[in-house]
Q: 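Quick one: this structure, given as structure tokens, is what I'll be asking you about.
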Amino acid sequence: MNNNPRTNAPWRVLIIGSGFAGLGLAMQLRKAGEDDFLLLEKAGEVGGTWRDNSYPGAACDVPSHLYSFSFEPKHDWSRKFAPQAEIHAYILQCVEKYRLRPHIRLNSEVLGADFDAERGIWRVELAGGEVIEAQALVSACGQLNRPAYPKLPGLEHFRGEAFHSARWRHDLDLTGKRVAVIGTGASAIQFVPQIQPKVASLSLFQRSAAYVLAKPDRPYRAWEMALKRHLPLWQCADRLVQYLHHEVRALAFIRFPWLMRLFRHSFTRHLQRQMPEAGKRAQLQPDYPMGCKRILISNDYFPALAQANVEVVDASIREVREHSLVTADGREHSCDVLIYGTGFAATDFLAPMRIRGLGGLELNQAWKEGAEAYKGISVSGFPNLFLLYGPNTNLGHNSILYMLESQYAYVLGCLQALREQRLRYLDLRPTVQRHYNAELQQATHRTIWEQGCHSWYKTATGKNTNNWPGFTFTYRLMTRTPELADYDCVR
């Protein structure tokens, strides 16, 4: 583990974050013969969101063989949709195979970074005051790394335990407890069925119902794993089929929103089969177009809500008291434990880090109208800064790892240009960024995400800063290699 400061020279590449994004780039750097890089991780172990989200029932909603690196396939996934522990173990296996431990500094939180234009160097400040220098700075923090907490009046008076699902209290036994869960997103639909049989009562506070489809999950059979292990081409073909199956769904998200009616029928049938009680069934009917918010998959969420010890609460929370939550209709809901299933501050991106580019320009100031970047990777005025899983690269229909692998090729191309042309820095031209994002936002207006609902895909002002309004293969073509004409190349 590299916990010793390097003082003799700047690193060539400094990567912030050790989840899939950062580690995948590190693996590609190693494959390209590049060893002059360092990963900074604020936590005590690598893994990103798959380290943090260890709540009961945590699993991926993208098929296992699609949610893994194409250049590092895993043949023995236990299930079609891998659980959290298995995904985290895969990440650790990648670290060991590519001998990345010497390139990783744990417990190293980044407070901010300043660009020295004269030297073409980023000066990165860590908590504790240490400064590390690098020619290229890569943010691999992702979009889902900072838990979002609701602002509830009177919360300071609550006498019970309260925690976010991404900070799960494994030391806390919920058996016989009166539990209140706030939120009905991707995390809640996984942990609610796990805790429901244990608790005395569960009050689920939902702001809006979610579209939940059946999850085509099952364990892989031994012969299936053996086939993939002994016939790698079979796994490649299977992965391709899965990719195409998911990619075709983009038509309903980005081109023909009316196609979502077909999926709506699947949701209605799934709900009717699993929720016999008419009252709860009515509560679980969303009032917005399907796909406008994230579509979820689960086989046990509705059955858990159908149990007698579960109440679905539609009314908003008016105040929190010592042992209860009071809703706008005046009802008091007793509570021993409060769990936030409220997602993440997805539109904040690099916050709370302070990033200063040319002329001392702060990234938060440059993004005051909402985050944007060229191809989700480069930001004008911030030379040699590259974002992985940056603005408008999230997906509603396919695997984010496909997008990340596209970004690796682009970043490696930029690093190659810096070295071969002996450049001090590459700075994206502002006109290029404006033109690209104007077209991107125009394309977004035609998507399902603009059909009249609020979601974590958009800022408070309604700007879509998260989702990619196109096919993943078009993004792959766009990022094959950087066009240096898009940048001011400073020698």
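Start at 1 with the first residue, then count along the sequence.
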Q: Among Gln441, Glu372, Met478, which one satisfies side chain to side chain contact (heavy atoms under 4.5 Å, CB included) with Tyr436?
A: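 Among Gln441, Glu372, Met478, the one meeting side chain to side chain contact (heavy atoms under 4.5 Å, CB included) with Tyr436 is Met478.
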Q: Out of Arg249, His246, Glu247, which residue meets the side-chain hydrogen bond (donor to acceptor under 3.5 Å, both in side chains) rule with His397?
A: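 Of the listed options, the one satisfying the test is Glu247.
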Q: Is the number of heavy atoms from other residues, nucleotides or ligands under 6.0 Å of Arg476 CZ greater than 12?
A: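 Yes, enclosed.
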Q: Check whether the side chains of Tyr243 and Thr472 place a donor and an acceptor atom closer than 3.5 Å, and report yes or no.
A: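 Checked: Tyr243/Thr472 side chains pair up, N/O donor to acceptor below 3.5 Å.
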Q: Could you check whether the rings of Trp168 and Phe163 sit parallel, tilted or perpendicular, using 30° and 60° as the cut-offs?
A: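 If you compare the ring of Trp168 with that of Phe163, the planes turn out perpendicular.
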Q: Look at atom CZ of Arg207 and say whether more than 12 heavy atoms of other residues, nucleotides or ligands are closer to it than 6.0 Å.
A: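 Not more than 12 within 6.0 Å, no.
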Q: Can you check whether Tyr211 and Tyr288 have ring centres sitting under 6.0 Å from each other?
A: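 Ring centroids of Tyr211 and Tyr288 are less than 6.0 Å from each other.
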Q: Let me know which of Arg229, Lys228, Gln235 forms a side-chain hydrogen bond (donor to acceptor under 3.5 Å, both in side chains) with His75.
A: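 Of Arg229, Lys228, Gln235, side-chain hydrogen bond (donor to acceptor under 3.5 Å, both in side chains) with His75 is met by Gln235 alone.
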Q: More than 12 heavy atoms of other residues, nucleotides or ligands under 6.0 Å from CZ of Phe256: yes or no?
A: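 It does not: Phe256 CZ has 12 such atoms or fewer within range.
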Q: If we ignore angles and hydrogens, is there a donor and acceptor under 3.5 Å between the side chains of Gln433 and Asn437?
A: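 No pair is found: no donor N or O on one side chain lies under 3.5 Å from an acceptor on the other.
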Q: Within the 3.5 Å criterion, strictly below it, is a donor on Tyr389 or Asn394 matched to an acceptor on the partner's side chain?
A: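 The criterion, which ignores hydrogens and geometry beyond distance, is satisfied for Asn394 and Tyr389.
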Q: Side chain to side chain donor-acceptor pair (under 3.5 Å) for Tyr374 and Asp486? Distances and angles first, verdict last.
A: CA-CA 10 Å; Tyr374 180 54; Asp486 296 334; 2.7 Å; yes
Q: Does Tyr425 reach the side chain of Asn384, with side-chain heavy atoms less than 4.5 Å apart?
A: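 SC-SC contact between Tyr425 and Asn384 confirmed.
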Q: How are the rings of Trp122 and Phe115 set to each other: parallel, tilted or perpendicular (split at 30° and 60°)?
A: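 Ring orientation of Trp122 relative to Phe115: tilted.
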Q: Verify whether one side chain among Glu86 and Ser78 offers a donor that lies under 3.5 Å from an acceptor in the other.
A: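 Looking only at side-chain atoms, Ser78 and Glu86 do form a donor-acceptor pair, the distance falling under 3.5 Å.
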Q: Please work out whether the ring planes of Tyr90 and Trp77 are parallel, tilted or perpendicular, with thresholds of 30° and 60°.
A: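 Plane angle between 30° and 60°, so tilted.
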Q: Distance under 6.0 Å and angle within 45° of the ring axis: does Lys375 meet both against Tyr475?
A: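 That pair does not qualify as a cation-pi contact.
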Q: Hydrogens and angles aside, do Thr444 and Glu450 bring a side-chain donor and acceptor to less than 3.5 Å of each other?
A: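 Looking only at side-chain atoms, Glu450 and Thr444 do not form any donor-acceptor pair under 3.5 Å.
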Q: Using a 3.5 Å distance criterion without hydrogens, assess whether the side chain of Gln28 forms a donor-acceptor pair with backbone atoms of Leu412.
A: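 Not confirmed, Gln28 side chain does not pair with Leu412 backbone.
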Q: Applying ring-ring contact (aromatic ring centres under 6.0 Å, His included) to Tyr410 and Phe386, what does each step give before you reach the verdict?
A: CA-CA 10 Å; Tyr410 190 91; Phe386 305 104; 7.7 Å; no
Q: Mark yes when over 12 heavy atoms from residues, nucleotides or ligands other than Arg261 sit less than 6.0 Å from its CZ; otherwise mark no.
A: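 Check fails, neighbour count at 12 or below.
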Q: Got a donor-acceptor contact below 3.5 angstrom from the Glu483 side chain to the Ala485 backbone?
A: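 No: the side chain of Glu483 does not pair with the backbone of Ala485.
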Q: Compute the ring centroids of Phe473 and Tyr402, then answer whether they are less than 6.0 Å apart.
A: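 Not under 6.0 Å, so no.
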Q: Between Ser208 and Lys293, do the side chains contain an N or O donor and an N or O acceptor separated by less than 3.5 Å?
A: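 Ser208 vs Lys293: donor-acceptor pair found between side chains.
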Q: Is there a donor-acceptor contact under 3.5 Å linking the side chains of Tyr98 and Glu72?
A: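 Yes, because at least one side-chain N or O of Tyr98 sits under 3.5 Å from a partner of the opposite role on Glu72.
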Q: Using salt bridge (Lys or Arg N to Asp or Glu O under 4.0 Å) as the criterion, point out the one residue from Lys80, Arg294, Lys215 that pairs with Asp61.
A: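 Testing Asp61 for a salt bridge (Lys or Arg N to Asp or Glu O under 4.0 Å) against Lys80, Arg294, Lys215 leaves exactly one candidate, Arg294.
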Q: How are the rings of Tyr220 and His65 set relative to one another: parallel (under 30°), tilted (30 to 60°) or perpendicular (over 60°)?
A: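 Plane angle over 60°, so perpendicular.
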Q: Check for a donor-acceptor pair, side chain of His103 on one end and backbone N or O of Phe37 on the other, with a separation under 3.5 Å.
A: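 Checked: pair present.
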Q: For the backbone of Arg79 and the side chain of Ser64, can you confirm whether one donor and one acceptor N or O come within less than 3.5 Å of each other?
A: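 Side chain of Ser64 to backbone of Arg79: a pair is present.
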